[in-house]
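Each remark here refers to the structure printed beneath this line.
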Protein chains: 2
Amino acid sequence: MTQANTRATRGRGSPTEEHYVEAIGALEELATPVGTAAIAQSLGLSMPSVSEMLARLSNNGLVSYAPYSGASLTDKGKRLFASLVRRHRLWEVFLNRCLGFGWEEVYPPACELEHATSDAVIEKMAEFLGHPGTCPHGAPIPSADGKWPEKRSRGLSEMQDGHTARIVRVLREDDADCLQFLADRGIVPGASIRVLDIAEFDGTVTLGVEGATRAIGRDVASRLRVGPDQAPA
Amino acid sequence: MTQANTRATRGRGSPTEEHYVEAIGALEELATPVGTAAIAQSLGLSMPSVSEMLARLSNNGLVSYAPYSGASLTDKGKRLFASLVRRHRLWEVFLNRCLGFGWEEVYPPACELEHATSDAVIEKMAEFLGHPGTCPHGAPIPSADGKWPEKRSRGLSEMQDGHTARIVRVLREDDADCLQFLADRGIVPGASIRVLDIAEFDGTVTLGVEGATRAIGRDVASRLRVGPDQAPA
DNA sequence: TGAGACTATTAGGCAAGCCTAACATTCTTG
DNA sequence: CAAGAATGTTAGGCTTGCCTAATAGTCTCA
Ligand SMILES: [Mn+2]
Ligand SMILES: [Mn+2]
Ligand SMILES: [Mn+2]
Ligand SMILES: [Mn+2]
């Protein structure tokens, strides 16, 4: 009836809880368990707020958490996380493909819409979009039953000079400036690249992209995932 | 950064405040000023909650309000109301036309999505949908600058036996059962009808709709708005 | 091992939104 | 006009979700 009731009804957490689960799930891909500080930084909140919420999420069975030992998603939490990522990335596809937003713009509106989207709506949306497998940044979209597609990609640093590959994914989808920078240089999912040089000294990578030569720093390079140059038959 | 901050940034109220403005705006079309009880009933909340929020909305300059005298939207409140109705009805069009939801299903999801939708997103959506003039229930969609289209419709009760007309709008868009009832009988915006009888006793209306004879009660009949049978040239 | 730097929790407080119970006003109607 | 009904507000309390300041645990390194 009321907003809160609606949320209770739909069998998920509050938007706030969902934000936490989203952040924890993303951070778990880097290191697990996830520390309070990392979550606080990622959400722009104070550590006490995070401590408090971790206790609550633990109570709700979404994360397993012991004081001073960090947090990690439970199976239930992982399911919610997959559902969130699915909702988020399908919205990104819609915003990009149908409404014409650039890939550097889609993250914030998707992050709002995802919490206001029921399963019924998102499944209709998936059908409307033709069940896309990835978001505009090349990130995989989990299936409705929470399964993640196989990910077969490497980092740029694993490539050797002169070799070619195709960009399959760009990490840090929320960093609009970086995405703009990359898009300006044609470095987007699907683009073919050739590694011209990886500097020993500071990791600067020089690429050939569509006939042009592009240099990118180590940090940005580490956000690129590549796959084989030809689409797998 | 945080949800609350995001909301503050976008220069509107919280979703909760928006719900109140939405309810007050809708009730104002029936009678003004709007009483606390009516708002409470419409939102499914207690009267003290409404009293409290009216004080706050009054502080924010969205409603003018004096104790025991009811509330009415200020100009600022009216602008927010128009923006909300625009967002709500554009979402309804999208849900109905693109995602395939029935007109009796679109109200609740639209009511969630509208509060998570920025102006940028809704204007792109309007363009995507071809700037529709009405929602699936035939209700007008205000323009981006808050103007309401001219409404040229009559109630069924103003019609005489034997006359024909076209349904242009159905009120109470949130009453799924009633909408289902009407859709089952072909009584939807755009349908041509002939008034066969309006009972003096209890106001029951007998209609001819697409060759079939349909009877509806006084209350349901009062929710139908009709216009001339031919589309105005 | 022990000081300092991190990391994390506890304590205490605040605003938004909701509630019930109690009280106050206004309307209706004989 | 004087109930009594209807409407509306006040009082007091709750949860969620955030904060700062203070405290406590952990890690690193001389
Ligand atoms: Mn989000
Ligand atoms: Mn993405
Ligand atoms: Mn709403
Ligand atoms: Mn509608």
Side-chain angles (χ1 to χ4, degrees), chain A residues 1-10 12-24 27 30-72 111-112 115, chain B residues 1-10 12-24 27 30-72 111-112 115:
Chain A
M1 181 151 278
T2 237
Q3 270 195 316
N5 295 349
T6 303
R7 272 167 212 149
T9 295
R10 86 182 177 201
R12 300 200 294 239
S14 67
T16 302
E17 285 174 340
E18 289 192 343
H19 265 305
Y20 276 90
V21 168
E22 212 172 358
I24 295 166
L27 291 168
L30 308 178
T32 177
V34 181
T36 307
I39 301 168
Q41 170 148 31
S42 145
L43 292 175
L45 298 174
S46 71
M47 289 208 297
S49 299
V50 173
S51 253
E52 180 183 273
M53 183 57 88
L54 286 179
R56 200 148 88 221
L57 293 173
S58 175
N59 255 33
N60 299 355
L62 291 167
V63 310
S64 82
Y65 163 70
Y68 293 104
S69 307
S72 49
C111 200
E112 292 295 310
H115 308 289
Chain B
M1 184 145 265
T2 238
Q3 271 195 317
N5 295 349
T6 302
R7 271 167 212 147
T9 294
R10 86 183 177 201
R12 301 200 294 240
S14 67
T16 303
E17 285 173 340
E18 290 193 344
H19 266 304
Y20 277 90
V21 167
E22 213 172 357
I24 295 166
L27 291 167
L30 309 177
T32 178
V34 181
T36 307
I39 301 169
Q41 170 147 31
S42 145
L43 291 174
L45 299 174
S46 71
M47 289 207 297
S49 300
V50 173
S51 254
E52 182 183 89
M53 182 58 88
L54 285 180
R56 202 149 84 220
L57 293 174
S58 176
N59 255 34
N60 297 355
L62 291 166
V63 310
S64 82
Y65 164 68
Y68 292 104
S69 306
S72 49
C111 200
E112 293 295 311
H115 308 289

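Computed from a predicted structure; not experimentally measured. All chains are named by letter (A, B, ...) in the order of the sequence lines, taking the proteins before the strands, and each is independently numbered beginning at 1.
Residues satisfying the side chain to side chain donor-acceptor pair (under 3.5 Å) criterion with T32(B), sequence neighbours excluded, are absent altogether. When the side chain to side chain donor-acceptor pair (under 3.5 Å) test is applied to S64(A), the partners found at least two apart in sequence or on another chain are S72(A). Applying the side chain to side chain donor-acceptor pair (under 3.5 Å) test to S51(B) and every residue at least two apart in sequence or in another chain returns nothing.
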With 3.5 Å as the limit, what N/O pairs link the protein to nucleotides 6-11 of chain C?
unit_1 : atom_1 : unit_2 : atom_2 : d
dA8(C) : OP2    : T36(A) : N      : 3.4
dA8(C) : OP2    : A37(A) : N      : 2.9
dT9(C) : OP1    : Y65(A) : OH     : 2.1
dT9(C) : OP1    : Y68(A) : N      : 3.3
dT9(C) : OP2    : T36(A) : OG1    : 3.0
dT9(C) : OP2    : S51(A) : OG     : 2.3
dT9(C) : OP2    : Y65(A) : OH     : 3.4
dT9(C) : O5'    : S51(A) : OG     : 3.2
dT9(C) : O4'    : Y68(A) : OH     : 3.4

Are any protein N/O atoms closer than 3.5 Å to N/O atoms in nucleotides 27-29 of chain D? If there are, list each pair with its distance.
none

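Spacing between atom CD of Q41(B) and atom C1' of dA6(D) amounts to 13 Å, rounded to whole angstrom units. Note: CG (L27(B)) to P (dT7(D)) measures 14 Å, nearest angstrom. Across the protein-nucleic acid pair, L43(B) atom CG and dC18(C) atom C1' stand 12 Å apart, rounded to whole Å. Nucleotide dA16(C) holds its C1' atom 11 Å from the OH atom of Y20(B), rounded to whole Å. We find that CG of N60(A) is positioned 13 Å from C1' of dT15(D), with the value rounded to whole Å. Separating the NE2 atom of H19(A) from the P atom of dT16(D) is a distance of 18 Å, rounded to the nearest angstrom. Atom-to-atom, CG of L45(B) to P of dT20(C) comes out at 11 Å; the value is rounded to the nearest Å.
Look at T16(B) and you won't find any side-chain N or O under 4.0 angstrom from OP1 or OP2 of dA16(C).
Side-chain atoms of L62(B) and I24(B), non-hydrogen and from C-beta on, never get closer than 4.5 Å to each other. The shortest side-chain heavy-atom distance between P15(A) and E112(A) does not fall under the 4.5 Å cut-off. Side-chain contact between M53(B) and H19(B): absent, with no pair of heavy atoms (C-beta onward) separated by less than 4.5 Å.
Once rounded to the nearest 0.5 Å, the distance linking CZ of R12(B) with CD of E17(B) reads 12.0 Å.
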Check: residues 37-50 of chain B side-chain donor-acceptor pairs under 3.5 Å, at least two apart:
unit_1 : atom_1 : unit_2 : atom_2 : d
S46(B) : OG     : S49(B) : N      : 3.4
S46(B) : OG     : S49(B) : OG     : 3.0

